[in-house]
Amino acid sequence: MIRHVVEVELGDRSYPIYIGDYILQGFVEKFREKLGVAKAAIITNPTVWDIYGNQVVKSLSAERVDYDLIIVPDGENAKSLNVAERVYGELIQKGFERKDAVIALGGGVVGDLAGFVASTYERGIAYIQIPTTLLAQVDSSVGGKVAVNHTLGKNMIGTFYQPSFVYIDVATLKTLSDRDFAGGMAEVIKYAFIKGEPLLSIIQGRRDDISARQMDILAEIATICCLIKGGIVEEDERDTGLRAVLNYGHTLGHAIESISEYKYSHGEAVAVGMVFAAKLSKRIGMVGADVVELHKRIIGSYGLPTTMISASIDKIIQVIERDKKRAMGGHVFVVLDGVGNPVIRNIDREDLISALGEFSKEG
Ligand code: NAD
Ligand code: GLY
């Protein structure tokens with residue numbers, strides 16, 4: 001059943017997020033309600049379609065919604081202009097028009113690609129997000145950032161384009177790999193540190209239930225995270241200020257992803273980045289050692305890494321500085337002025353080198 005509905009209020013781009021368990025087949029009712037008689041292009045990958053295709057087809061057929069299936073490869077490489085070009089071709093050949101709609105069924109990769117295609121095809125057609133990974137349910141399906149990668153950088157070609165609705169069935173997380181589940185938990189932990197309660201107590205007190213993927217607690221977590229992200233997006237849809245706090249742990253995290261050549265998943269890299277951000281916060285006198293320890297304890301309890309990768313400090317600084325150019329000067333970090341109170345700080349180069357040196361030595 002649908003347990004919660006979170007509304008993202010963005011004027012004429014407002015939309016609901018439906019959250020529940022074992023609700024996948026019900027998405028078609030909302031599709032009809034919001035998008036009328038539109039024909040649907042389901043964009044998904046083989047992994048997700050193998051598991052959930054039957055349910056989706058059954059519900060579309062029951063409501064007599066006309067649809068076409070567009071399968072893209074599994075993995076980050078699907079977020080490319082080449083794959084987008086192929087998808088545009090299929091949409092044109094299959095006669096999709098502006099009154100039709102795209103259904104993004106999958107994790108963050110499918111959501112970002114399908115959303116980007118929807119935002120540009122015929123200058124924009126409607127799309128809905130049916131996220132099936134924890135990361136996508138608590139983060140990427142909400143907020144309208146859609147993009148593909150360029151060979152020179154991740155997410156370099158993109159738009160802001162809000163979906164017509166987001167439909168979250170936490171029961172789909174039952175089939176997710178442990179590693180992808182843990183990766184999604186890194187983003188949940190991020191929200192706990194930037195917003196504090198009630199999430200902070202939930203992820204500590206209900207760890208076993210969360211790891212066992214109990215439906216009630218997953219629905220509660222998804223709801224809280226969507227409320228937090230939706231609230232931030234409502235205030236800063238275009239990412240000109242407040243939205244940057246969602247990048248807690250991401251400055252070093254992005255560098256680790258890149259230096260490890262993506263052997264560290266996004267979530268694993270962000271996990272290490274959050275421990276470092278906590279240490280930086282302590283270094284500039286904003287939190288005590290207890291907050292650093294809390295980071296290590298919570299992050300470690302979900303099977304995520306808490307120590308620095310072995311890489312030269314020079315290399316890390318170089319990669320952070322490559323990102324820095326896009327961050328308008330300075331080594332921009334989100335730090336905590338106490339748990340639940342993220343602030344943006346420019347960190348002095350020498351301080352950063354010294355902090356990274358210390359973190360690396362801890363092993
Ligand atoms: P992903 O989409 O690659 O999914 C991870 C793996 O899980 C894939 O192999 C996928 O096929 C599989 N999978 C998906 N659902 C499944 C299910 N229910 N059961 C079994 N397997 C399933 O990765 P992700 O972590 O979901 O997303 C990462 C992407 O999200 C990155 O490209 C990142 O840039 C993007 N992202 C975007 C935003 C945003 O605001 N737009 C925010 C954060 C991350
Ligand atoms: N995931 C960061 C953002 O949506 O802004």
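Numbering of ligands and ligand atoms starts at 1, following listing order.
- Counting heavy atoms under 4.0 Å from ligand 1, residue Glu187 does not touch it at all.
- Of the N or O atoms in Arg243, none lie within a sub-3.5 Å distance of an N or O in ligand 1.
- In the vicinity of Leu246, heavy-atom distances shorter than 4.0 Å reach the ligand 2 atoms 3 (C), 5 (O).
- A salt bridge links Glu362 with Lys279: at least one charged nitrogen is closer than 4.0 Å to a carboxylate oxygen.
- Between the choices Asp169, Val142, Asp180, the shortest heavy-atom distance to atom 6 (C) of ligand 1 belongs to Asp180.
- Ranking protein heavy atoms by distance to atom 43 (C) of ligand 1, first place goes to Asp139 OD2, 3.7 Å.
- Counting heavy atoms closer than 4.0 Å to ligand 1, residue Thr175 contributes atoms from both its backbone and its side chain.
- Geometrically, ligand 2 and Lys190 share no nitrogen or oxygen pair separated by less than 3.5 Å.
- Near Lys229, meaning under 4.0 Å from any of its heavy atoms, are these atoms of ligand 1: 40 (O).
- Around atom CD of Glu29, no more than 12 heavy atoms belonging to other residues, nucleotides or ligands sit under 6.0 Å away.
- Looking at ligand 1, you'll find an N or O of Asp112 within less than 3.5 Å of one of its N or O atoms.
- Between Asp239 and ligand 2, no pair of N/O atoms sits closer than 3.5 Å.
- Given atom 4 (O) of ligand 1, the protein heavy atom at minimum distance is Thr133 CG2, 3.6 Å.
- Between Met215 and Arg3, the shortest heavy-atom distance links the atoms CB-NH2, 4.2 Å.
- Counting atoms of ligand 1 from 1 in the listed order, those under 4.0 Å from a heavy atom of Glu76 are 31 (C), 32 (O).
- Residue Lys79 approaches ligand 1 through these ligand atoms, each under 4.0 Å from one of its heavy atoms: 31 (C), 32 (O), 33 (C), 34 (O), 35 (C).
- Near Lys145, the atoms of ligand 1 lying under 4.0 angstrom from a non-hydrogen atom of the residue are 39 (C), 40 (O), 41 (N).
- Closest of all the heavy-atom pairs between Glu257 and Ser260 is O-OG, 3.2 Å.
- In this structure, a donor-acceptor pair under 3.5 Å is present between the side chains of Tyr88 and Thr120.
- With a 4.0 Å cut-off on non-hydrogen atoms, Asn45 touches ligand 1 through its side chain and not its backbone.
- The single protein non-hydrogen atom nearest to atom 4 (O) of ligand 2 is Lys229 NZ, 2.6 Å, given as residue, atom name and distance.
- Below 3.5 Å of separation, one finds an N or O of Val109 facing an N or O of ligand 1.
- For His254, the heavy-atom gap to ligand 1 stays at 4.0 angstrom or more.
- Taking the ring centre of Tyr18 as origin, the terminal cationic atom of Lys30 falls inside the region bounded by 6.0 Å and 45° from the ring axis.
- Thr240 places no side-chain N or O within 3.5 Å of a backbone atom of Asp236 that could act as its donor or acceptor partner.
- Thr175 and Tyr52 form a side-chain donor-acceptor contact under 3.5 Å, judged by distance and modelled atom types alone.
- When each of Val48, Thr132, Ile51 is tested with Thr172 by the rule side chain to side chain contact (heavy atoms under 4.5 Å, CB included), just one qualifies, namely Thr132.
- Under the 4.0 Å criterion applied to side-chain N and carboxylate O atoms, Lys174 and Asp21 are not assigned as salt-bridge partners.
- Of the listed residues (Asp74, Ile51, Asn155, Leu176), the one carrying the non-hydrogen atom nearest atom 10 (C) of ligand 1 is Asp74.
- Assignment of Lys174 to the shell around ligand 1 is not supported, since no heavy atom sits closer than 4.0 Å.
- Between Arg243 and ligand 2, an N or O atom pair is found at a separation short of 3.5 Å.
- The 12-atom threshold is not exceeded at CG of Asn77, counting heavy atoms of other residues, nucleotides or ligands nearer than 6.0 Å.
- For the residue pair Thr47 / Asp74, a side-chain donor-acceptor distance below 3.5 Å is found, with atom types taken as modelled.
- The shortest N or O to N or O distance between Gly108 and ligand 1 is below 3.5 Å.
- Using a non-hydrogen distance threshold of 4.0 Å, His266 does not register as a contact of ligand 1.
- Remark: distances from the non-hydrogen atoms of Glu187 to ligand 2 are all 4.0 Å or more.
- An N or O contact shorter than 3.5 Å is missing between Ser177 and ligand 1 by distance.
- For the pairing with Val188, the side chain to side chain contact (heavy atoms under 4.5 Å, CB included) check across Asp139, Ile221, Leu218 returns one residue only, Ile221.
- Heavy-atom neighbours of Glu63 CD from other residues, nucleotides or ligands within 6.0 Å: above the threshold of 12.
- The aromatic rings of His295 and Phe193 sit parallel to each other, their planes meeting at less than 30°, with 60° as the upper class boundary.
- Residue Lys154 approaches ligand 1 through these ligand atoms, each under 4.0 Å from one of its heavy atoms: 31 (C), 32 (O), 33 (C), 34 (O).
- Around atom CD of Glu33, more than 12 heavy atoms belonging to other residues, nucleotides or ligands sit under 6.0 Å away.
- Using cut-offs of 30° and 60° on the angle between ring planes, the pair Phe333 and Phe276 is perpendicular.
- Scanning the protein heavy atoms around atom 1 (N) of ligand 2, the nearest turns out to be Asp139 OD1, 3.3 Å.
- Below 4.0 Å from some heavy atom of Thr47 lie the following atoms of ligand 1, by number and element: 11 (O).
- Which parts of ligand 1 touch Tyr52 is read off a 4.0 Å heavy-atom cut-off, strictly below it: atoms 18 (N).
- Distance remark: protein heavy atom present below 4.0 angstrom from atom 37 (C) of ligand 1.
- Within 6.0 Å of atom NZ in Lys282, 12 or fewer heavy atoms from other residues, nucleotides or ligands are found, so the atom counts as exposed in its surroundings.
- Annotation: atom 15 (N) of ligand 1 to nearest protein heavy atom, Thr132 OG1, 2.7 Å.
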